[in-house]
Amino acid sequence: MSSRSPLITHMFTADPSAHVFEGRVFIYPSHDLDKDMEENDNGDQYAMEDYHVFSQPDPLGPVTDHGQVLHLRDVPWASQQLWAPDAAYRNGRYYLYFPARDKQGVFRIGVATSERPEGPFRAEPEPIPGSLSIDPCVFADRDGEFYLYFGGVWGGQLQCWQTGEFRADGKMPPDDQPALLPKVAKLSADMLTFVAPPQDVVIVDDKGEKLKAGDITRRYFEGPWMHQHNGTYYLSYSTGDAHTLVYATADNPLGPFTFRGTILTPVLGWTTHHSIVEHNGRWWLYYHDASLSGGISYKRSVKVQELFYEADGSIRPMVP
Ligand code: FUB
């Protein structure tokens, strides 16, 4: 089943991170601006300035807009581009993780907190020490530990960190070299820092070889999501310039992950970004496309579609 129409039509929304809190589905998306922009590979057209939170009684139910929950002007360290966020609940508090460029133009990841899943959220004064790049995904493991996955190339700057320090002129690896990888770090008990420096999330093929940079239909680009199903850990992500959502699996949250296949074929628009959530025993893919704006790649809209597992644990491929 799916909602054939965008879930939210009074504004442009993208990069939906969906979670079930207090029995409702909460959606934490980006808020695309409704104005004309010049497009480039640096992502300057994604000049978002705030976040709204939305919720539904179930994935096909009506959507409530809880209003603006955080604005760029209320994030002391950030200068521009509030990109794809995610959220978590731990010990009576809700945590909103979000990327933005700092005053030097370097993407970092910040945290904002609230007593309520719908916000409003109050930003910490500094980004998470040691954070970098974009697209945070926070994952609660069964043992009570939380992990933050993140990273995106091109405008997301992952290629600028290959030496361990930020180099604005960082290039993508040659096609025959291992691809850049998403990062993961375990979160501290207060959810505000990493307990150790971020490490690579290794993705290999069925022979155990790291995916190559030129393997654009399988290698990592941006938008990581982690979920667990029947004891298997699923790392799903966007292939960026191949415009698909794909996944890899492992028996633990740190990997290495073995590439498994495609979840979603390309949507209308350039970017594709998703989350996967269980609600009352059924699984759902939240994603975006640019149908509401007639294909303008930086005016996107959130959609939802039911997701099914095959008996062997593979995800049944979907068409938007
Ligand atoms: O929304 C801005 C960026 O576009 C996100 O961070 C990426 O994942 C892509 O969807």
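Just follow the structure's listing: the first ligand is 1, and inside any ligand the first atom is 1. Sequence positions, counted from 1, serve as the residue numbers for this chain. Values below: all heavy atoms of this structure, side chains included; hydrogens, waters and symmetry mates excluded.
- Given atom 1 (O) of ligand 1, the protein heavy atom at minimum distance is Asp15 OD2, 2.5 Å.
- In terms of protein heavy-atom proximity, atom 4 (O) of ligand 1 is closest to Arg300 NH1, 3.3 Å.
- Other residues sharing the hydrophobic cluster of Leu292, ordered by chain and number and joined by side-chain separations under 4.5 Å: Phe12.
- Only one option out of Tyr237, Tyr220, Phe194 pairs with Phe150 in a ring pair (Phe, Tyr, Trp, His ring centres under 6.0 Å); it is Phe194.
- Atom 8 (O) of ligand 1 has its nearest heavy-atom neighbour, among His273, His288, His274, in His273.
- Annotation: cation-pi pair Arg218/Phe259 present, NZ/CZ under 6.0 Å from the ring centroid and within 45° of its normal.
- Look at Arg300 and Asp32 and you find a salt bridge, because one of the NZ, NE, NH1 or NH2 atoms lies within 4.0 Å of a carboxylate O, short of that distance.
- In terms of protein heavy atoms, atom 9 (C) of ligand 1 is closest to Glu222 OE2, 3.4 Å.
- Of the protein's heavy atoms, Trp83 CE3, 3.8 Å lies nearest to atom 3 (C) of ligand 1.
- In terms of heavy-atom proximity, Leu33 sits nearest to Ala47 at CD1-O, 3.4 Å.
- Nearest protein heavy-atom contact of atom 6 (O) of ligand 1 is Asp135 OD1, 2.5 Å.
- The proximity of Ala84 to ligand 1, defined as any non-hydrogen pair under 4.0 Å, involves the side chain as well as the backbone.
- Between Glu306 and Arg316, no side-chain nitrogen of the basic residue sits less than 4.0 Å from a carboxylate oxygen of the acidic one, so the salt-bridge criterion is not met.
- Taking every non-hydrogen atom of Met48 and a distance limit under 4.0 Å, the qualifying atoms of ligand 1 come out as 1 (O), 2 (C).
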